[in-house]
Amino acid sequence: MDKKRVEAYRKQLEERQQALRKIVASTEQAGRDADVGTAQDIADRAANSYTKEFLFYQSNNERQTLNLVESALARIREGTFGECINCGNEINAKRLDAVPWTRYCINCQEKMERGELQETANE
Ligand SMILES: [Zn+2]
């Protein structure tokens with residue numbers, strides 16, 4: 001992949017990384033805030049734990065994406081960005097444009113969705 005394209009993806013990924021870091025940090029803070037002054041009323045407590053669960057789920061999602069973004073940045077540094085981490089084939093440019101942190105080519109992604117491919121452990 002030519003350097004200009006890699007640079008453009010790197011910029012996109014770094015922006016996303018920063019945005020996600022902020023979200024993850026602020027949801028963690030909100031989760032802690034929900035703990036402070038826990039209401040004694042049962043309805044309030046239920047609402048509170050629902051909020052926490054929701055925040056936890058959400059920050060989990062963000063955290064996962066953040067991990068993917070960070071490993072994509074690592075692949076840029078290693079010079080393997082844009083290659084499928086399973087088969088090594090080049091990932092379609094449109095796919096990368098849509099989701100620059102994607103790790104698999106379309107074939108492997110489909111295998112993965114059919115459960116024919118195991119998620120690698122080193123993520
Ligand atoms: Zn592949």
Side-chain angles (χ1 to χ4, degrees):
M1 194 186 300
D2 73 272
K3 277 190 174 147
K4 263 189 186 165
R5 272 188 64 205
V6 175
E7 265 314 289
Y9 286 127
R10 194 173 64 85
K11 219 172 153 234
Q12 252 185 306
L13 285 162
E14 280 174 350
E15 277 166 17
R16 181 55 78 108
Q17 182 188 32
Q18 293 210 330
L20 284 167
R21 274 185 178 161
K22 266 186 211 160
I23 295 169
V24 168
S26 71
T27 31
E28 277 171 0
Q29 185 57 47
R32 278 193 293 270
D33 289 348
D35 269 334
V36 179
T38 304
Q40 292 310 301
D41 183 87
I42 286 177
D44 278 0
R45 259 163 48 195
N48 199 32
S49 82
Y50 172 79
T51 306
K52 276 175 72 177
E53 217 164 282
F54 173 75
L55 287 171
F56 179 75
Y57 173 76
Q58 210 190 20
S59 68
N60 244 9
N61 249 358
E62 308 292 3
R63 216 188 308 263
Q64 253 172 18
T65 312
L66 182 60
N67 282 340
L68 292 176
V69 168
E70 283 174 345
S71 63
L73 284 165
R75 290 196 298 280
I76 287 181
R77 286 192 295 273
E78 289 160 7
T80 58
F81 180 79
E83 295 167 14
C84 171
I85 65 163
N86 183 56
C87 68
N89 283 342
E90 209 165 292
I91 298 171
N92 181 285
K94 276 189 183 144
R95 226 171 120 65
L96 280 175
D97 285 343
V99 188
W101 55 89
T102 192
R103 297 167 296 171
Y104 298 109
C105 67
I106 191 71
N107 287 334
C108 293
Q109 181 70 42
E110 278 170 6
K111 274 188 208 162
M112 183 92 148
E113 278 160 14
R114 289 196 300 264
E116 294 167 16
L117 192 72
Q118 287 301 309
E119 183 104 34
T120 46
N122 63 345
E123 313 271 339

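Residues: numbered from 1 along the sequence shown. Order of listing sets the numbers, starting from 1, for every ligand and every atom in it.
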What count do you get for protein N, O or S atoms closer to the Zn ion (ligand 1) than 2.8 Å?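 Near the Zn ion (ligand 1), the number of protein N, O or S atoms below 2.8 Å is 4.
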
I need the minimum non-hydrogen distance between Tyr104 and Ile85, along with the two atoms involved.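 Looking at all heavy atoms of both residues, the shortest contact is CE2-CG1, 3.7 Å.
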
Arg77: which residues meet the side-chain hydrogen bond (donor to acceptor under 3.5 Å, both in side chains) condition with it, sequence neighbours left out?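 Expected list: none.
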
Tell me every residue that passes salt bridge (Lys or Arg N to Asp or Glu O under 4.0 Å) with Glu14, counting only those two or more places apart in sequence or in another chain.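 For Glu14 the salt bridge (Lys or Arg N to Asp or Glu O under 4.0 Å) partners, ignoring immediate neighbours, are Arg10.
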
Does Arg21 have any salt bridge (Lys or Arg N to Asp or Glu O under 4.0 Å) partners at least two apart in sequence or in another chain, and if so, which?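 Partners of Arg21 under the salt bridge (Lys or Arg N to Asp or Glu O under 4.0 Å) test: Glu70.
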
Donor-acceptor side-chain pairing of Arg95 and Thr102 below 3.5 angstrom: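 Yes, because at least one side-chain N or O of Arg95 sits under 3.5 Å from a partner of the opposite role on Thr102.
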
Presence of salt bridge, Glu83 and Arg103, under 4.0 angstrom: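 Between Glu83 and Arg103 there is no salt bridge, as every charged N stays at least 4.0 Å from the carboxylate O atoms.
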
